[in-house]
Amino acid sequence: MELLNTSNITMKFGGLTAVKELNLEINKGEIVALIGPNGAGKTTAFNMITGVYAPTSGRIFLGESDITGAKPHLITKKGLARTFQNIRLFKELSVLDNVFIANHLHLKSNIFEAVLHLPRYKKEKKSILEKSLFLLEKLDLLSFKEDKAKNLPYGMQRRLEIARALATNPQILLLDEPAAGMNPRETDNLTSFIKDIRDEFELTIFLIEHHMSVVMGISDRIYVLDHGVTIAVGNPYEIQNDQRVIEAYLGVSEDA
Amino acid sequence: GCSEKAPTGGGATTDDDVIKIGVFEPITGANAAGGALEVEGAQLANKLYPEVLGKKVELVIADNKSDVVEAASAAARLVERDKVVAIIGSWGSSYSMAAGDIVRNQKVPAVAASATNPLVTLDNDFYFRVCFLDPFQGTVMANYAYNNLGARKVAIIREVNNDYAVGLAKFFEDAFVELTGDANAILEVTNYNTGDQDFSSQLLNISQKNPDVIFAPGNFTESALIIKQAKQLGIDIPFIGGDTWETPEFIDIGQQDVEGAVFSTFFTSEVPITSESEIFLKEYRAQYGKEPAAVTALGYDAYLVILDAIERAGSTDPEKIRDEIAKTKNFPGAAGIITLDENGDAVKSAVIKVVRNGEFVYLDTIEPIE
Amino acid sequence: MKKRDIILTIISISVLILFLMFANSRFDSYQIRILNLCAIYTILGLSMNLINGFTGLFSLGHAGFMAIGAYVTALLTMPAAVKNQNFFLQPIVPWLENVTVPFLPALLIGGIMAAILAFIIGAPVLRLRGDYLAIATLGFSEIIRIVFTNTQNITNGALGLKSIPNTTNLWWSFGLAALTIIFMLSLINSSYGKALKAIREDEIAAESMGIGLFRHKMLAFVIGAFFAGVGGGLLGNLLGAINPVMFRFILTFNVLLIIVLGGMGSITGTVISAFVVTSGLEYLRVLDESINLGFVRLPGIPGLRMVVFSSLLMIVVIFFRNGLMGTNEFSWDGLFALLRKRPSFLKREVGR
Amino acid sequence: MLKIENLCVAYGYVEALKGITLNVEEGKIVTLIGANGAGKSTTLKAIVGLAKAKSGSITYQGKNLLQEETKNMVRNGITLVPEGRRVFSNLSVLENLKIGAFYRKDTKKIEEDLEWIYELFPKLKERTWQQAGTLSGGEQQMLAVGRALMSRPKLLMMDEPSLGLAPLIVKEIFNIIKEIHKQGVTILLIEQNANAALKIADEAYVLETGTITIKGTGSELLKDDEIKKAYLGESHG
Amino acid sequence: MSFSLFMQHLTNGISLGSLYALIAIGYTMVYGILRLINFAHGEIFMMSLYFAFYGVAIFAMPWYVSFIVTVIITCMLGMLVERAAYKTLRDSPRITVMVSAIGASFFLQNLAVVLFGGRPKAFPTVQIFTDVIKIGTVSLQRLTLIIPVATIMLLYSLLYLVNKTKTGMAMRAVSKDHETARLMGVDVNRTITITFGIGSILAAFGGIMWGMKFPQIQPFMGVMPGLKCFIAAVIGGVGNIYGAVIGGFILGIGEIMLVAMLPQLTGYRDAFAFVLLIVILLLKPTGIMGEKISEKV
Ligand SMILES: Nc1ncnc2c1ncn2[C@@H]1O[C@H](COP(=O)(O)OP(=O)(O)OP(=O)(O)O)[C@@H](O)[C@H]1O
Ligand SMILES: Nc1ncnc2c1ncn2[C@@H]1O[C@H](COP(=O)(O)OP(=O)(O)OP(=O)(O)O)[C@@H](O)[C@H]1O
Ligand SMILES: [Mg+2]
Ligand SMILES: [Mg+2]
């Protein structure tokens, strides 16, 4: 079943066409990767899908609903969450609060109930807390729950970002270069971790990555962009042997 | 300061050999200039008459910072901390108004030198003033415009965020309309704000209506600039104004352009009204080497009125002093004979002056209307 | 909360009430006035801290909201006779003339009017960022002031209002300050409060986590304006006289100063700082007075107080970049830790 | 050439470096690897004076660097390519390169060096007048390296130059590092891509939570089992 | 409105606008480099008027000497203010710096009260500048012709400085990233000091022109021009030097024309600046010529 679908989305910045007529089809439960040279428009594609930018043209569908140009928070409410290429945690807040906040969008109590601690809010708060702690435990972050996010080592910050994204109850998770700044060893761990959370939370995953070990290891399908144009779509094997991809992106193989 | 040592709270034990009088003025902030003028007067009076009832009189100066919130605190401090028996001030009716409740509740009399807003003394038995009110001044200038300048159509340019200017403009307008019997005698009322420096478009607008006279109540700096700019724009209509103009800076800034500007004020040095005027003038010139402003004379008078009341009361009890201040009648002050009416306002004559050869020149004295 | 903490909290509240009773009967009106001002500035500080400190919006429009609160409260509590006395140049509009309501509803209406205005202003302005928001809100507050100056038959224009009933007393000001503190604490620790902090930390991330930026910013802005209005109302009825000139930018700055010195994003800091700054500024009055050294009498230098105050201010800002409390809050644990000389109480992050 | 002894650096209460000792000899490529947050960037920042040392010493050609201000480092021949490129986004490519030679007065030589950079990175030449902020990640990284080279450094320090770059560009960057090294520049390199870094390094240090745990030549470390397990990952065994 | 009246209004508007523009450039300059609203700019402007006044009135210097000295002293004052109020706060939260800036501005105001007294003084005008001449039916001061020319000249020298010189390049680099600029051997503190110095020189030029057009000085006179010129800078796009000039002209001409066209709104004249500001910000959130700041995610 198709979960995310874009039809001919295009993004122009002034004279520059960052993404041109991109057509994505991502099915439920898949892990799909988006790769391409620097500046190919991968992050821009993410930003269009998540509502940070409104596409210049084209439409985006999440399940049945048209989310083109919707505000990011509404898109998140519909079940699409993301992480960022440059980590964007709430730096001064505690690890627990970072995850807690990501539950706010589903809060039903209004502000008066919250300020006055009325029963509905109390109940909701309790369940949010439980869920947050559960997520932290799942991601091995429980022992840091009181620390400020900015004091975590980089790798853990990346994990916290994923935990935070998971807290919004997404159906589909977008990861922008989750392995950036990790060493090969950590990168390997990440690969299995992504598979795990996909199974555990019944997610669909769409990721951008430059580490081929990750991409080739977990992707069901891969889209390749170059200068905003989709130059190839296929499974890892097909992509690795696609001449255009090798020329534009991978280089002659000598084991990346 | 020394005043800190006085025990606070409980039964007040004031220093036995000094009597403290508060001077409640804007020392800093936007109205510092006016405050300084009044302080000069009070200090000069204190220097000349340092004693009453055989005790030394000490002035306690409290800065109201040209700010209403601060003004209330400063007044409260004078009353509670410094245990003053009476207060002089403040320049700027709004600060006086902010102190109004405090002096009334704590029963300490206050005498404003130049606060001309009727609200200051209205319904407050403890606030007095030694100057006349805006309604009188408005009438005086309307009469002058009508009779002496033969004006039948007038335009007004007023400082809209200044209570004094707004009030004076209104009283002038009423009086002038009554004099002419012409409901449209005021061609236009145009506004500016304190601190504005460009008035060219306002001036061009009113000059288009060809008024006989322009009445411009407001702060002296802005007023001087207004007249200056009018001349630069080739507008040749006489300007008249109120007592605030009588400061040396009005002429410094306006220079030859303010020649011929006419305004009403409290007092003139050319025609000393009382013997006190002569003493004041002599001492002021000796000390400062220049001509005093009217408000300085009024600050001087506020001090004297209080001193006189203490003397008559024979006591430093603020309430008794208040009662005596209220009875002030025909008191010879530097700026004229002072009689306080039932509101606590001075009923006195106004003086009309003109700027001539870079100096303020006396034109006429207008007696109060009964 | 731990049992110990509950007991300690109850004890301190009782001590405060006893202190207020004592102050009411034994303090002179000057001291009571300063205490009142401290409490009012606490309310104002907290309201601004919600907007600027917790939500990270750079708003400089506080004086405008205070003006609304002050004028509405004053006009609603003044009896018709007093109003007519005030409006001697131009009569007051008839619909305002005869409405007189008790203090509390008047304060609430004042707060609500400020909140409504904030809502109207917020719709366009909250789209702006950083300095632009700052200058736009400053502009709105100036516009409010200028409108008040020019609508003479509603506000009495430049003449201002006087003889406003002196209803504000220690019970009102401290009572409302306490309610404000409780409200803010409860808000800040709720899910909504955390969402506001998330916006302060990173707008883009917050939005991507499903937090509607506009709605939440508006929430903070409107609630902040409400309390600013209430604070303004208390202030007007404490002073007994108000006018438009009083609500200049400097008033906003005084409040801003309090929250910056106390620590942006710290409720405790704001409370402490409101008391320190308000009473400290009064204490500095000594500098303007003549000083008697026994043998000589040094004349006071008028204005020196403000010079000293502004330099003290800069020094404090320079040495406590994040304010006295940073984003930390008081807690009994923290206090005990401090007493045991552990540095964790006032731990400041370096290199922020 | 560069000697670090017992260097300790703390950010408030966080101890980032707990006494490291490290040596860079002239003409070598030295690499520093380690997990995230181990303190690699902090080491480089301490050398150029952007992080304050609590104790220990840093000497460069006999000179005490701890006394030296950051702005004078380039004059001494030390240049850092900072983590995350940090090109001046509001300056054009050319201006970014020129500011690399900010302290230099030899206008003629600067022109020659500019040509040299354009030879190394032909892509930059195409974009001379473009605002640096609009370059792609890879191009920005090249610009950052080019900008550093314009100061004619004797010691070039690079903080994760391959971060976030496409595989093709990563290869290119490593080739350029080798090329620069051939021209006589000493290099101190921080890399997450331990594999590639160790391959070109003469000498390597492993940093773990603020202390140096292993040192050796690049090829030694490549074969080290510990290293393989901790940093290189299985797919590179 | 007759044509000649309109021309007179327009002339007045241009004359006021060019003064606003002149001061606005100083704001923009500092903002562009430091991303800091230099709230003390209005006060530096005010101080420059006092320097010129004392030069002529007390030290009896000829006006041109006094004006040159004024520019130099004001420049030094600006650098001093930067040292005291901003340098120590280089890496602090923005709002702290803002408070320090406002603090510095209050400090200068109060210092002026203590040093020079609160009473206004008359600025020494120079006849050859202030004489009124008539062009057709329009009467104007010679100054009115000089100010726009001076503004345009300063505009172009600044543009040259910022875009074409090494110092200018350093300034722009510093505006983006202090640390990296330092790494490149740029003396960040010196660059910032120079920026403040130049900003203050502009304030002094503005001050002298202002003083001759509106010959009165008092300690609080910097507030309103300061605010208005800052608004002019924001309207034009703060950080953009052309923008400041455009903003200044729009504001000056707009203010005059508002009163000319709608005389019943004179009381709201000061609100005009703010209304215009808000309207423009809503249409173009970073001002007319402001760079579009879309954060890259
Ligand atoms: N907000 C923006 N304004 C102007 N140009 C932009 C903006 N965002 C991205 N671009 C441009 O769009 C192009 C694509 O950028 P994008 O960030 O999507 O690349 P990417 O594929 O994610 O590259 P990388 O792998 O380096 O992250 C680039 O040329 C970039 O400079
Ligand atoms: N400005 C700072 N304030 C507080 N702590 C910091 C700061 N900068 C770094 N740290 C901490 O110092 C430690 C070392 O950081 P450093 O940046 O040197 O690590 P690194 O080895 O370069 O890691 P990475 O691979 O993420 O670049 C980390 O724990 C980090 O959280
Ligand atoms: Mg990207
Ligand atoms: Mg690093």
Side-chain angles (χ1 to χ4, degrees), chain B residues 25-37 40 63 65-66 157-161 166 188-209 219-225 228-229 231-235 247-255 257 293, chain E residues 1-2 5-6 8-9 11-13 15-16 19-20 109-110 112-114 117-123 125 130-132 134 137-141 143-144 210 213-225 227 252 255-271:
Chain B
E25 294 287 352
I27 308 292
T28 55
N31 293 321
L37 291 176
E40 271 179 9
D63 177 13
K65 248 180 87 182
S66 314
I157 176 165
R158 60 176 189 173
E159 190 177 354
V160 69
N161 60 343
V166 172
E188 171 131 18
V189 179
T190 190
N191 301 309
Y192 64 92
N193 278 291
T194 315
D196 281 0
Q197 312 213 339
D198 178 277
F199 311 94
S200 55
S201 45
Q202 281 103 321
L203 286 168
L204 278 176
N205 276 343
I206 52 181
S207 75
Q208 290 305 302
K209 310 219 158 157
N219 201 8
F220 59 87
T221 33
E222 283 83 349
S223 302
L225 287 179
K228 217 173 161 53
Q229 285 173 24
K231 295 279 140 63
Q232 281 162 10
L233 291 169
I235 300 172
T247 50
E249 288 82 2
F250 180 71
I251 296 177
D252 286 352
I253 295 167
Q255 292 178 335
D257 294 333
Chain E
M1 192 184 296
S2 70
L5 182 62
F6 177 82
Q8 181 72 57
H9 277 302
T11 314
N12 295 340
S15 149
L16 184 65
L19 262 183
Y20 283 161
Q109 280 170 15
N110 290 302
V113 171
V114 171
R119 302 180 61 164
K121 297 191 178 351
F123 189 81
T125 46
T130 54
D131 273 347
V132 179
K134 263 191 155 329
T137 56
V138 176
S139 57
L140 44 83
Q141 287 181 306
L143 201 61
T144 307
W210 190 283
K213 190 163 165 59
F214 308 116
Q216 59 101 15
I217 28 179
Q218 38 107 349
F220 298 91
M221 70 172 302
V223 178
M224 243 336 184
L227 205 52
E255 263 187 12
I256 298 270
M257 287 302 173
L258 174 87
V259 177
M261 307 286 174
L262 302 164
Q264 60 281 20
L265 290 186
T266 44
Y268 295 91
R269 178 171 162 176
D270 282 346

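Letters A, B, ... are given to chains in the order of the sequence lines, protein chains preceding strands, and every chain is numbered from 1.
Contacts of Gln232(B) with chain E are made by both backbone and side-chain atoms, with heavy-atom separations under 4.5 Å. At a 4.5 Å heavy-atom cutoff, the contact between Leu37(B) and chain E is made by side-chain atoms alone. In this structure, chain B has a heavy atom under 4.5 Å from the side chain of Phe220(E), while its backbone stays farther away. In this structure, chain E has no heavy atom under 4.5 Å from any part of Lys231(B). Using a 4.5 Å cut-off between heavy atoms, Lys134(E) does not touch chain B at all. Contacts between Ser15(E) and chain B at a heavy-atom distance below 4.5 Å are absent for every atom of the residue. Only the side chain of Thr221(B) comes within less than 4.5 Å of a heavy atom of chain E; its backbone N, CA, C and O stay farther away.
A distance of 6.0 Å separates CG of Asp198(B) from NZ of Lys213(E), quoted to the nearest 0.5 Å. Between the CG atom of Asn12(E) and the CG atom of Leu204(B) there is a distance of 6.0 Å, given to the nearest 0.5 Å. Atoms OG and CG, on Ser200(B) and Leu16(E) in that order, are 7.0 Å from each other to the nearest 0.5 Å. Ser201(B) contributes atom OG, which lies 11.0 Å from atom CG of Leu262(E) (distance to the nearest 0.5 angstrom). Between the OH atom in Tyr268(E) and the CG atom in Asn191(B) there is a gap of 9.5 Å [rounded to 0.5 Å].
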Report the C-alpha separation of Gln218(E) and Glu249(B) in whole Å, then their side-chain angles, then the decisive distance to 0.1 Å, and conclude whether the side chain to side chain contact (heavy atoms under 4.5 Å, CB included) test is met.
CA-CA 11 Å; Gln218(E) 38 107 349; Glu249(B) 288 82 2; over 6 Å; no
Run the side chain to side chain contact (heavy atoms under 4.5 Å, CB included) test on Lys228(B) and Phe214(E) for me, step by step, so that the C-alpha distance in whole Å, both residues' side-chain angles and the decisive distance to 0.1 Å come before the verdict.
CA-CA 9 Å; Lys228(B) 217 173 161 53; Phe214(E) 308 116; over 6 Å; no
Verdict with reasoning, Val189(B) to Thr266(E), per side chain to side chain contact (heavy atoms under 4.5 Å, CB included):
CA-CA 9 Å; Val189(B) 179; Thr266(E) 44; over 6 Å; no
Given the rule in the side chain to side chain contact (heavy atoms under 4.5 Å, CB included) test, do Asn193(B) and Arg269(E) qualify, once you have shown the distances and angles that lead to the verdict?
CA-CA 8 Å; Asn193(B) 278 291; Arg269(E) 178 171 162 176; 5.5 Å; no
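With respect to chain E, the highest number of heavy-atom pairs below 4.5 Å among Gln208(B), Gln229(B), Gln255(B) belongs to Gln208(B). Heavy-atom pairs under 4.5 Å with chain E were tallied for Asp252(B), Thr247(B), Asn161(B), Leu225(B); the largest tally goes to Leu225(B). With chain E as the partner, the residue from Gln202(B), Glu188(B), Arg158(B), Gln197(B) showing the most heavy-atom pairs under 4.5 Å is Gln197(B).
Applying the salt bridge (Lys or Arg N to Asp or Glu O under 4.0 Å) rule to Lys65(B) yields the partners Glu70(B); only residues at least two apart in sequence or on another chain are considered. Scored by the ring pair (Phe, Tyr, Trp, His ring centres under 6.0 Å) test, Phe199(B) finds Tyr192(B) as partners (sequence neighbours excluded).
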